[in-house]
2 protein chains.
Amino acid sequence: MTVNFQAPKGTRDFYPSDMAVRRYIEDIWRSVSVRHGFQEVDGPTFESLDLYKVKSGDEIISQLFSFVDRGERDLALRPEFTPTLARMVAQKAAGLPRPIKWFSIPRCYRAEQPQKGRLREFIQWNVDFIGDASERADRECLAVCVDALLEFGLTASDIRIGWNHRELFTKALCSTFVAPQRISNAYYILDRLQKYDVQARHALYQQQQCTELERENFDAIAAAVNSPQLLAAWMNSWPADVRDSINAFEQRLADKGLAEICRFDLSVVRGLAYYTGFVFEVIDAQGQNRAIAGGGRYDKLIEMFGGPAMPAVGFGMGDVVLEILLRQRNKLPANLMPPADVFVINALEDSAAADQLIAQLRRSQWNSEHSKIIRRGLNVQTSYRSTRNIGKLLQEASGCGARVAVILAAEEINRGMMKLKNLVDRTETDVAVPDVLNRIHALLTDSQAMV
Amino acid sequence: MTVNFQAPKGTRDFYPSDMAVRRYIEDIWRSVSVRHGFQEVDGPTFESLDLYKVKSGDEIISQLFSFVDRGERDLALRPEFTPTLARMVAQKAAGLPRPIKWFSIPRCYRAEQPQKGRLREFIQWNVDFIGDASERADRECLAVCVDALLEFGLTASDIRIGWNHRELFTKALCSTFVAPQRISNAYYILDRLQKYDVQARHALYQQQQCTELERENFDAIAAAVNSPQLLAAWMNSWPADVRDSINAFEQRLADKGLAEICRFDLSVVRGLAYYTGFVFEVIDAQGQNRAIAGGGRYDKLIEMFGGPAMPAVGFGMGDVVLEILLRQRNKLPANLMPPADVFVINALEDSAAADQLIAQLRRSQWNSEHSKIIRRGLNVQTSYRSTRNIGKLLQEASGCGARVAVILAAEEINRGMMKLKNLVDRTETDVAVPDVLNRIHALLTDSQAMV
């Protein structure tokens, strides 16, 4: 038996410092979702293999980790959450209060070659607003995405959000240079415009059998993507109602405070089959990384999974590219480990008194009139080293973020006292044993203002 | 294509109210772990199939969901976390500060027939204390387990913890009635004593070819398990040093405040190959459910996975039996959904002003001098119904737990005001638009004491 095991290819071990980063990311996703009125859901880690074919067809199978259970059912690890979401909504559609505002933070799996920013196992934040066909739902999804990015400390110099509207844009394309039967070719080309250089673009035109008119217009679009002037000029050829709708949507984004970070972007079209209206993508403003998030309106999906006709809009954001970006831009807080509240130093021969104090502190209700904070249990740490060198132990206490140290030493204990050290202002007091708990709570309350 | 999909057998969909329960359970596991000084870790959801054979042999394979990746590697969904933990410790043993105090909350998978309390997909809290061979580490693990159970509101009438010590008990058995070569038979029988009735027990004795002496003693143990008098009498025949060690350990549990809930229990021996010393099990005191948690000392395991010799002790607690127990004993809080802070009621034709206010509140920093609480962003909800009936909307506001409602109506807005309603004491005030944010923060701070 080999005993030199590694984590499987494309997966990660989360040691405490890695886990603290993951926890930080997930906590922001969760708290931002909740404050925008979304409710958390989750589903099984694996589903029927067939579930994944509904949306993506048979070609998805090669990208799945699939297996067979004892009942010979074909199952697969989820590559994304949307099919599970659609199934859950379809199954209980009649009984769910509307609109359905759900988020989830599932681990997902792709059986593909790992690359920078793409692993075989990753975590993806999903936010979905179901049962509301209005632009208000589109904007709400965008707002929760932007709010999370801001909460991570990312600014308009780090990221930008390109948005588009499949239905309006189709109308604009068809009324200017794209024949209706060429619309899927047009989207195929548009999806690649920004990723290809001039030479590759021309090969693409040839492959898609573009007319001269199409070539000229696609070149114009490619140029307009990063130029507000060219974009405005090119949009002048659009039907007035399409322009008005785009402008009105832009104004509503401004009302939500999203003007700086969001931009109408012709190159954002996202995969063909799926989206039916508004689409958006979060893009690294410095062009270093893959898309950080993406989503849009998918009004037909719930029906495809056997549910009623229900409009829906949503997006996904993975943890892998996000973490790379946060590291590159120095946006991860320096110390993400939860700090200790109290550090107990035992300088007695026996540890019974220290054990008792530690148990008491960890289970104490901290309900201070002054701060109105109710907290159950303090985070108490102690040293496992054999040293009784108080100076070294106080260093260890500060190292784990404790604001108070309690020292149990023979001299004080014999007088019925323990020594309390405020590690913020470095003052010391001897406190009678029965008062220790209250004094620690008071010290922690006072020092809250200082941290 | 069938469009009537269900969650796979033995798995669960977590709709918002189910997810709130899962979040409640995981949050208590996490906060209790942290305050006892444990650090969170995690690993991949799947590992090399071979990793699971190290501890459990080939027979584990039939209980695994296994599959093959593109590189023809045999992989399996984790049935438990311990092999991953051992691999992670073994891989970085030299670089990890000791002792290693880790916890994790992984989802795990078993390819077996679902039963009450046993699903194919479940969540298991793992707590491990590695690198410390002392009884102190044993007691710390037990204390974190008990603390979580108390935090869930469970008491000595709901659960009890049976503990034993494999090494000491082996010594006691061998010095009284078990021949050394019969020790594994003895444990095989002891593990089943409490689960079998008299008839099944006698069949077991026959199958294990027990001597008359063994039969008498196993019967005496079975009777002593639930009788402190019989236990004390039977323990009188043990070597004095074994009895002293057991009594000393019991005293230290009492020092930690664990006397009421923990009991030395001869019937707790746990699987043979794995544990080397202290073992314990959390048992339903009313005998209705399977074991809620279990663990013990496993000093040889890290070595088996290629690491250095490192003593270790730990336990696991699954979410499935725990949730059943909490429901049976009415210990789940009534409403676990995160409450809203503010509910915005828009009675204007246009929603731009309401949208702006909502965005502002969700992104506001709430840094009150008075409370010293710093919170980023308020949980703001609003109605998606078409009604402008303020009474109905205020009901909706109270229903989602909001403590403050802001009403945007033409009459007030025309005077540059919004109406604030304190939903705790039902008072109303008109507030000038620029002051709304501060007034809401102040109202929320004041109402904190009342909820």
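A note on names: the letters A, B, ... follow the listed sequences, proteins ahead of strands, and every chain is numbered from 1.
Checked for salt-bridge contact, B/Asp350 and A/Arg252 meet the test: a charged N lies under 4.0 Å from a carboxylate O. A/Asp13 has no carboxylate O lying under 4.0 Å from a charged side-chain N of B/Lys92, or vice versa, which leaves the two without a salt bridge.
Closest approach of A/Phe5 to B/Gln91, counting heavy atoms only: O-OE1, 2.8 Å. Considering every non-hydrogen atom in both A/Val34 and B/Pro338, the closest pair reads CG1-CB, 3.8 Å. The minimum heavy-atom distance linking A/Arg363 with B/Val146 is given by the pair NH2-CG1, 4.5 Å. Residues A/Phe65 and B/Asp69 approach most closely at CE2-CB, 3.8 Å, considering heavy atoms.
A search for side-chain contact (heavy atoms from CB on, under 4.5 Å) contacts involving B/Glu121 returns A/Pro44, A/Thr45, B/Thr11, B/Arg107, B/Tyr109, not counting sequence neighbours.
The distance from the CD1 atom of B/Ile100 to the OH atom of A/Tyr15 is 9.0 Å, given to the nearest 0.5 Å. Going from atom CZ of B/Phe14 over to atom CH2 of A/Trp102 covers 13.5 Å, rounded to the nearest 0.5 Å.
Contact count against chain A (heavy-atom pairs under 4.5 Å) is highest for B/Val380 among B/Thr84, B/Thr382, B/Val380. If you tally non-hydrogen atom pairs under 4.5 Å between each of B/Lys9, B/Arg73, B/Arg136 and chain A, the highest count goes to B/Arg136. Options B/Ala111, B/Ser134, B/Ala359 differ in how many heavy-atom pairs under 4.5 Å they form with chain A, and the most are formed by B/Ala111. Counting heavy-atom pairs closer than 4.5 Å to chain B, the top-ranked of the candidates A/Leu77, A/Asp18, A/Leu75 is A/Leu77. When the candidates B/Gly37, B/Pro8, B/Gly131, B/Gly43 are compared by the number of heavy-atom contacts under 4.5 Å with chain A, B/Pro8 comes out ahead. Options B/Glu40, B/Arg139, B/Gln360, B/Arg12 differ in how many heavy-atom pairs under 4.5 Å they form with chain A, and the most are formed by B/Glu40. With respect to chain A, the highest number of heavy-atom pairs below 4.5 Å among B/Glu151, B/Glu47, B/Gln113, B/Glu140 belongs to B/Glu151.
Ring centers of B/Tyr384 and A/Phe129: under 6.0 Å apart, within the cut-off.
For the pair A/Met19 and B/Gln39, the minimum side-chain heavy-atom distance is 4.5 Å or more.
Heavy-atom distances place no part of B/Ser33 under 4.5 Å from chain A, backbone and side chain included. Both the backbone and the side chain of B/Gln356 come within contact range of chain A, judged by heavy atoms closer than 4.5 Å. Neither the backbone nor the side chain of A/Leu361 has a heavy atom closer than 4.5 Å to any heavy atom of chain B. The part of B/Leu258 that comes within reach of chain A is its side chain, from C-beta onward, which places non-hydrogen atoms under 4.5 angstrom from that chain. In this structure, chain B has a heavy atom under 4.5 Å from the side chain of A/Arg23, while its backbone stays farther away. The part of A/Asp132 that comes within reach of chain B is its side chain, from C-beta onward, which places non-hydrogen atoms under 4.5 angstrom from that chain. Neither the backbone nor the side chain of B/Ala340 has a heavy atom closer than 4.5 Å to any heavy atom of chain A.
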Determine, stepwise, if the pair B/Arg22 / A/Asp42 fulfils salt bridge (charged side-chain N to carboxylate O under 4.0 Å, His left out). CA-CA 10 Å; B/Arg22 177 172 148 196; A/Asp42 196 5; 2.9 Å; yes
